[in-house]
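The structure under discussion appears below in the form of structure tokens.
The chains referred to below are lettered A, B, ... by the order of the sequence lines, with proteins before strands, and numbering in each begins at 1. What you see below is based on every heavy atom in this structure, not just the backbone, and it leaves out hydrogens, waters and symmetry mates.
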Amino acid sequence: MRITAQLRDAVAEALSNAQSAGVLPSAGASEIAIEQPKQEGHGDFATSLPLRLARTMKMAPPAIATAIVEAFPESDVVEKVEVAGPGFINITLANAWFQEQVEVIRAAGAEFGNTDSKSGQKIQIEFVSVNPTGPLHVGHARGAVIGSGLANLLEAAGADVTREYYVNDAGNQMRVYTETLYARYMQAAGHDVPLPETSYPGEYVADLAKDLYEKDGGALVDLPKEEAIKALYQPGLDRNLALIKEDLEELNISYDVWFSEQSLFDTGRFDATMKELEDGGFIVDRDGARWFASTQLGEDKDNVVIRSTGGHTYFASDIAYHAEKFKERNFDQVIDVWGADHHGHVARMKAAATALGVDPNKLEIILNQIVSFKEDGESLRFSKRKNVIVTVRELVDDVGSDAVRYTFLSRGAESQMEFDLDLARKQSSDNPVYYVQYAHARLSGILRNARETGIDWADGDVSLLTHELEIALIRQITGLPDVVERSADRLEPQQIPHYATEVARALQRFYDACRVISEEEDDLPISKARLKLVESARIAIARCLTLMGMNAPERM
RNA sequence: GCGCCUGUAGCUCAGCGGAUAGAGCGCAGCCCUGCGAAGGCUGAAGUCGUGAGUUCAAAUCUCACCAGGCGCACCA
């Protein structure tokens, strides 16, 4: 059991002891929150329970605190329990407990930080899912990083995670794209064919058309237009998906499932879902189109699922897709990471889930605010439809994958952030992004030196770790499982980079004050003990970096 | 107009209803003939957008207002 849970139990026991002894009234239940005080001198852990109980118990908080402290169960883990401030209970742990954690962490190795708070849960997380009509542009990088970071986190919390990309290979945009590709193909063949009214004007389409033209020797030129377009569909899709995959790999992102929208039609899932909605009375025909009657579920307006032209809307296939997620694959939780420009889609998607008999709370939508980019002091707006494309690849080449990931992960999804491209490019050795990595490299260096000097620290005695900064470092490291659990619960990956920074800071302060490898023969015992500490610190920092999808360099 | 999100140090951003609001960058200093100075230490810098309210306690919850972003398609 983790220390926070142990302490929670201890406080609960103390409370009930005091109550059965008649010292405290039995009234007043409150959740016991164990927190880590940010202020030094306030113990290793603290609870504000007495302050919370004051009202229902009709007693002064310090009096309640005193009663709990006096009834606190004996324990060799807890060194000191005291009343402090307006009614806090501050708990100080025994050094022996911290020292022991060094061994616990070394034994856990790469598994350290894992929890079981989400174990047994089958969670699907869908992110990026950009139309396969071109390379990923920078605007998609944020959702990509947040989605993948979150997936790592949920996995660490014990969930069975499926990372998924929804490929819109059956919609309008794909049609527009392929028509553009056709026009470019004909142009490559020397025909003066204009781009369609709505098109993808980017050069990359022309490049692909030229490739295809050269490869097939112009075989499509004489075909009827519709047939040629049909023939171009698959190569266009394949090429773009390949590009997208490569770009995502640049950001250290991979998927378990690439889910085809078209497959919903091929398997009949789409029709079955529409029928289910219809049978439920949620479909109305109006103005020649078919509508999902979301107003029946309290929405502002209905939404078209089948256009008067007969084509399905994006919304319609997304409903079928979510039906598949919940009813076919039985996910306990489905998380969609969308750009904030899709937020109008949230309420109706949840309404659709409800209409299908799915608890809408199982569908969690994370909206990440659109990133704006700044260059030469000016805010830029990128749009795929205009001819300005700054791709994810260009961003990664400029700034580096680790820096991109760290930057996006360290900010909450809902913060409206501005990415200063000049600054990002400028960032080099003083980049704060590298603070955590540097700590890892430094720790690796110490361990490397120790090995090269022939020190075997396997029998190191951790009870020698009594220095204030040694204990402080251990205290930081041991917090990882709690951080993982909390950030997984709240779906807030930004807590990891901040925590990692704190561990790195504790490490640097320790390093500054405590010599690890010494030439003095007499220092060997403490050297060995500190090597164990260094090893456990490296494990914690490496784990954070892995969770963030960043490299944990041995040297820099 | 209606809805959602955001407003915290010069800049970029953290902040779990609780004790003296934090970090990085930038700025002013100090510290390597000892494991990596991509580091450590000290300092300056804040009406937590504004105003009310709830609470023993509000940056955090409620409401109003101001400013910015996004949405309100038979686009995705």
So what does [X] hit on the nucleic acid, given a heavy-atom distance under 4.0 Å: a base, only sugar-phosphate, or nothing?
| X | answer |
| --- | --- |
| A:Arg490 | sugar-phosphate |
| A:Gly412 | sugar-phosphate |
| A:Glu554 | base |
| A:Gln494 | sugar-phosphate |
| A:Gln508 | sugar-phosphate |
| A:Tyr435 | sugar-phosphate |
| A:Ala340 | sugar-phosphate |
| A:Arg451 | nothing |
| A:Ser415 | sugar-phosphate |
| A:Asp287 | base |

What I'd like to find out is whether the side chain of [X] reaches to under 4.5 Å of the side chain of [Y], using heavy atoms alone.
| X | Y | result |
| --- | --- | --- |
| A:Tyr165 | A:Ile244 | yes |
| A:Met274 | A:His312 | no |
| A:Arg2 | A:Glu485 | yes |

Between [X] and [N], is there a side-chain N or O to OP1/OP2 distance below 4.0 Å?
| X | N | value |
| --- | --- | --- |
| A:Ser518 | B:rG34 | no |
| A:Arg509 | B:rC41 | yes |
| A:Arg55 | B:rU55 | no |
| A:Asn449 | B:rG36 | yes |
| A:Arg505 | B:rG24 | yes |
| A:Gln36 | B:rC16 | no |

Length of the line joining [X]:[atom1] and [N]:[atom2], which is rounded to integer Å:
| X | N | atom1 | atom2 | answer |
| --- | --- | --- | --- | --- |
| A:Asn368 | B:rC5 | CG | P | 15 Å |
| A:Phe408 | B:rU12 | CZ | C1' | 13 Å |
| A:Asp302 | B:rA73 | CG | P | 13 Å |
| A:Asn168 | B:rA76 | CG | C1' | 7 Å |

If you measure from the ring centre of A:His42 to the centre of the six-membered ring in the base of B:rA19, is it under 5.5 Å, with the planes under 30° apart?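 Stack criterion met.
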For A:Phe88 and B:rA19, do the ring centres fall under 5.5 Å apart while the planes stay under 30° apart?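 The ring of A:Phe88 is stacked on B:rA19.
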Taking for each residue the nucleotide of RNA chain B bearing the nearest heavy atom, is the 5' side occupied by A:Asn90 or by A:Asp512?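 So the residue in question is A:Asn90.
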Please figure out whether A:Ala46 or A:Arg515 has its closest RNA chain B nucleotide nearer the 5' end.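 Mapping each residue to its closest nucleotide by heavy atoms, the 5'-most match is A:Ala46.
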Can you tell me the Watson-Crick or wobble partner of [N], both distances under 3.5 angstrom?
| N | answer |
| --- | --- |
| B:rC32 | none |
| B:rA38 | none |
| B:rG24 | B:rC11 |
| B:rG1 | B:rC72 |
| B:rC65 | B:rG49 |

What's the verdict on ring pair (Phe, Tyr, Trp, His ring centres under 6.0 Å) for A:His345 and A:Phe315, showing C-alpha distance, side-chain angles and the deciding distance? CA-CA 8 Å; A:His345 193 54; A:Phe315 178 46; 5.6 Å; yes
If you count every heavy atom of other residues, nucleotides or ligands that lies below 6.0 Å from A:Asp300 atom CG, does the total exceed 12?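 No, because the 6.0 Å sphere around CG of A:Asp300 holds 12 heavy atoms or fewer from other groups.
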Name the orientation class of the two ring planes belonging to A:Tyr177 and A:Tyr200 (parallel below 30°, tilted from 30 to 60°, perpendicular beyond 60°).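 If you compare the ring of A:Tyr177 with that of A:Tyr200, the planes turn out perpendicular.
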Has the side chain of A:His343 got a donor or acceptor that lies under 3.5 Å from a partner of the other kind on the base of B:rG3?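 When only heavy-atom distances are counted, A:His343 does reach the base of B:rG3 through a donor-acceptor pair under 3.5 Å.
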Hey, does the Lys NZ or Arg CZ of A:Arg348 hover above the aromatic six-ring of A:Phe292, less than 6.0 Å from the centre and inside 45° of the axis?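 A:Arg348 over A:Phe292 ring: no.
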Anti or syn - B:rC25, cut at 90° from 0: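 Anti, since the glycosidic angle lies more than 90° from 0.
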